[in-house]
Every structure is written in C-alpha cells, then in structure tokens.
Amino acid sequence: MNEQKVALITGIFGQDASYLSELLLSKNYKVIGTKRRASTENPWRIEHLLNNKNLIIENGDVTDFSNMLHLIDNYRFHEIYNLAAQSFVAASFDEPLHTFEVDAIGPINILEATRVIQRNTNHIIKYYQASTSELWGDQFDTVYDNDGNVLYNYQDENTEMNPQSPYAVAKLAAHKMTQLYRNAYGMFCCCGILMNHESPRRGEEFVTKKISKYVGRVYKEIKKMGLLQMSNEEKTSIITNKIGKLQLGNLSASRDWGHSRDYMLAAWQMLQQDIPDDYVICTEETHTVEEFLKLAFSEIGVNNYMDFVNINSKYMRPAEVLFLRGRCTKAKEKLKWKANITFRDLVKDMVIYDCK
Ligand code: NAP
Ligand code: F7E
C-alpha cells in the first residue's frame, strides 16, 4: 500500500485553502492546516470538512520562524502549500510593513525551516509558493499580425515584472526567494503565478464578492416586492433608498478571472511533476469590472445596473494594475491543465450563492 501523503496548508481559513483541502482530502492526504491564533475564529469556508479525521488544524503564524520550524519538524510533510498572506492589495497601501512581514518574510521563514529540516532528515519536501499576476504590475507583451497591428496583449512566464503595490513588491520578494531556494539549494520549489481567481468563498472586500453580495441583496428586495405594479425606475429608487448604492472604484480595470477550484487543481499538479518549475495559471480571457457588474445584475434580470452604483474615490488606489490577461501555454502543455469554469459560470455561481 502507498504511504499516506502529508501536506501542510498555511492560511487554512482562506478561500484557496478551502478548495485545496477538499482536493487533497479527496486524494486521501493527511492535511495539516495552519491558522493564526485569534480571539474569534471563523472557519466557515471549511466547516463541512472539520469532522474529517484527515484534517488537523494547528496554530501557525508564518511570521514566526520558530513556529514554522517546530511545525515542519513535527510532521513528515511531503508537500507544503504556502497560501497564507495579507492578500488584499488595497490594504497593503495602508499596511506596507505588515504586508511585507507576512507576504515576503513569511515565505522565507518556511523555506529556511524546510531547508534545515530537509538537510537533517534527507526527506524531500515539495514547496508551493502562491505567486500572483500582481507581479507584472503595468507590464504586458503584445502579439502583432503581419501588418504590425496589435492582435492582443498578454502576460506569461517571460513578461517583465514591475509591481505596483506593497503587496506585489512583497510577493515579488517571495517569488524570487522561492526561485533562489530551488536554484541554490536544489530544493523542489514551485511558484504558481495565478491570475485573479474567485468563488462564492471569496473574501467580502474583493470586488467580485462585493458585487455578487450586493446583487443578492437587490434580488431579495425585488422578491419582496412580488407582483407590485411599478416601473423599473420606481423599484430601483425604493431599493437604493433602503439598502444604499453599491460603492465602487475603478470600473475600467481589466482582469483575467477564473475559479479558485480550477486553480487549486493546478497548484497540486505543479507539485506532482518530476521537475520543479513556475507556471502561469489563467483563463486567457480578460473582462473589466464593469463587465462583471453588468453580467452579475443580468443574472437577476436587472439591466439598469449603473443606477445601483456610486463611484467612490475611496475605492481608487494610489497605483492601479489596469490590465491583466494571461497566457498559460506552459501549464497546458506540461501540466495538461486548463480552466474549466468560464467567466459566465463563475459570475453565475457567485450570484446564485449570494441570492440564497
Ligand atoms: P485569503 O482568502 O485572503 O487567504 C489567506 C489566508 O492567510 C487567510 O485565511 C489569512 O488568515 C491567512 N493569514 C494572514 N496572515 C497570516 C499569518 N501571518 N500567518 C498565517 N496565516 C495568515 O486569500 P486567497 O484568495 O485564498 O489566496 C491564497 C493565496 O494566494 C494568498 O497568498 C494570495 O496572496 C495568493 N493569490 C491569490 C489570488 C486570488 O485571486 N485569490 C491570486 C494570486 C495569488 P485570516 O483569515 O486570519 O486573515
Ligand atoms: O480588485 C477594482 C480594483 O481587490 C480588482 C487579490 O486576490 O487578485 C486580487 O487582487 C480590481 C482592481 O483584486 C473596487 O481597483 C473597483 O483593479 O478584487 P480586487 P486585485 O486587486 O486584482 C490578485 C491576483 C491577488 O494576488 C490579490 O491577492 O477591481 N475595483 N472597485 C475594486 N476593488 C475592490 N476591492 N473594491 C472596489 O470597490
């Protein structure tokens, strides 16, 4: 019989950790998930997994080297997925030091602890670093036709990186360190450069969840109105007076949005390869925030979506990433991975969840 694999997932209460836990548990892994010690805990994303005997939750703060060292020493891990992060780009402008501590120093703590333990035990531990499309910042490459006309812009593993936020700078430090541990010490380390990925379990401060949650509230108000004979204008005005308008920032920013469930499969696949490498994971499509907004409202039969929105400068960023659209030829070829959940299905999934 094969030895049961043991995996560490840092940041177990986060969105991606919930889907990755489901995947690993379905493959009979023992999963050790770490959470930060907190006065109140909210494991809602993995509530359905808490009775699984193969899931163990431990306290673990990635900013504490000794904490990471003891944890990695206590278990014979085969795989480590470092998902823990201060992951909200906007907050990183207010908390640059905290963000750097968690998102850059945190991964170095884990890499260094892994290196020491691996050296002492000769037991190979594979490491996954949650890198991000934010690393590219304002950079992209372009494909031209024979007449020199632009066909499309994209980012892939070879695109220059020019981070535009404290979050992205910290993640770039972690990305480079992960590559260094692979090259200098021969460790099995992979960076998954993942484009934005969402789900009904997305944190409420991110724009997709903010929209789907608001649309869910509008839907409930429309349902309460039942068959009342009213114009759309009257309905809109009653609803926005009651629940307020949705406050948003830059609607023209463009993102390559996929589903977290699909992307966590790619993260796992990276660690199943014989040779460690870095991979871009994306859908190869791009949509603006406004397109997301329009589609989300159309799911509940509302077309006058802009009447529900107020553009609020509070949600504009000091520096913005305007355009993201990935190209993941390498992942398709080497991992045999592709995104299965379309943009339309993602929006639908989130809106249906928030309408319930
Ligand atoms: P998430 O929902 O914000 O999850 C991150 C988790 O990390 C949270 O549960 C958080 O715990 C935990 N954490 C924060 N500080 C910590 C610390 N010092 N020690 C241990 N845990 C800590 O993020 P996600 O969307 O699942 O993303 C997972 C990873 O992928 C992150 O590293 C993110 O930066 C990266 N990423 C995400 C995307 C995306 O679009 N989702 C794209 C590219 C890369 P609390 O709940 O206590 O705050
Ligand atoms: O913003 C614009 C905002 O906060 C998306 C993280 O998972 O993906 C995520 O980072 C876009 C930006 O995600 C609002 O300006 C407009 O252009 O949902 P977001 P993000 O910054 O792209 C990357 C890949 C990660 O690695 C990160 O961890 O939407 N936007 N109005 C708004 N954004 C927010 N949050 N709120 C608004 O009201």
Side-chain angles (χ1 to χ4, degrees), residues 9-20 33-38 40-46 58-64 67-68 81-93 98-99 101-103 105-107 109-110 128-136 163-165 167-168 170-171 174-175 191-199 201-211 214 246-260 263-264 267 280-282 287-290 292-293 309-324 326:
I9 303 179
T10 64
I12 192 69
F13 289 166
Q15 170 190 251
D16 287 359
S18 69
Y19 289 105
L20 183 62
T34 64
K35 62 170 179 67
R36 286 188 291 177
R37 199 189 299 277
T40 49
E41 270 174 21
N42 198 353
W44 67 276
R45 293 183 177 103
I46 53 163
E58 296 266 20
N59 285 320
D61 192 318
V62 297
T63 62
D64 187 324
N67 193 176
M68 290 300 108
Y81 297 86
N82 180 34
L83 305 185
Q86 188 305 90
S87 72
F88 188 33
V89 174
S92 76
F93 287 99
H98 170 69
T99 303
E101 193 73 29
V102 181
D103 296 4
I105 308 293
N109 285 336
I110 303 172
Y128 172 86
Q129 172 60 23
S131 289
T132 163
S133 46
E134 288 291 302
L135 301 184
W136 291 302
Q164 296 293 313
S165 65
Y167 167 78
K171 281 284 185 177
H175 182 80
C191 298
I193 312 170
L194 273 48
M195 292 271 172
N196 296 52
H197 47 280
E198 320 291 309
S199 73
R201 300 179 195 163
R202 187 54 144 153
E204 292 188 0
E205 63 275 46
F206 298 95
V207 76
T208 54
K209 184 66 176 177
K210 206 169 152 182
I211 293 171
Y214 182 85
L246 174 59
Q247 306 293 316
L248 290 177
N250 183 2
L251 299 191
S252 62
S254 196
R255 291 288 183 274
D256 179 333
W257 273 299
H259 198 294
S260 173
Y263 286 33
M264 287 304 100
V280 170
I281 298 299
C282 60
H287 298 275
T288 61
V289 173
E290 185 166 352
F292 191 103
L293 182 68
V309 173
N310 183 45
I311 302 301
N312 187 334
S313 58
K314 184 176 156 192
Y315 296 103
M316 301 288 183
R317 296 177 182 177
E320 173 68 292
V321 171
L322 286 173
F323 172 83
L324 289 173

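Start at 1 with the first residue, then count along the sequence. Owing to the predicted nature of the structure, the values given are computational and were not obtained by experimental measurement. In each ligand, atom 1 is the first atom listed, and ligand 1 is the first ligand listed.
For the pair R201 and Y19, the cation-pi criterion (under 6.0 Å, within 45° of the ring axis) is fulfilled.
Residues satisfying the side-chain hydrogen bond (donor to acceptor under 3.5 Å, both in side chains) criterion with S254, sequence neighbours excluded, are T286. Listed by chain and number, the residues in a side-chain hydrogen bond (donor to acceptor under 3.5 Å, both in side chains) with S133 amount to none (sequence neighbours excluded).
Protein residues with a heavy atom closer than 4.0 Å to ligand 2 are S87, F88, V89, T132, S133, E134, Y167, N196, R202, E205, F206, V207, K210, Q247, L248, G249, N250, A253, R255, V289, Y315, R317, E320, listed by chain and number. Pocket lining of ligand 1, defined as residues with a non-hydrogen atom under 4.0 Å away: G11, F13, G14, Q15, D16, R36, G60, D61, V62, T63, L83, A84, A85, S87, V102, A130, S131, T132, Y167, K171, L194, M195, N196, H197, R202.
Contact of the V280 side chain with the I193 side chain is registered, since non-hydrogen atoms from C-beta on lie closer than 4.5 Å. Looking at Q15 and S199, their side chains come closer than 4.5 Å, going by heavy atoms from C-beta outward. Between Y263 and D16 there is no side-chain heavy-atom pair separated by less than 4.5 Å. Residues T63 and H98 have side chains not in contact (no heavy-atom distance under 4.5 Å, counting atoms from C-beta outward).
In this structure, F88 and F206 have perpendicular ring planes: the angle between them is above 60°, well past the 30° mark.
Comment: K35 engages E41 in a salt bridge, judged by a side-chain N to carboxylate O separation of less than 4.0 angstrom.
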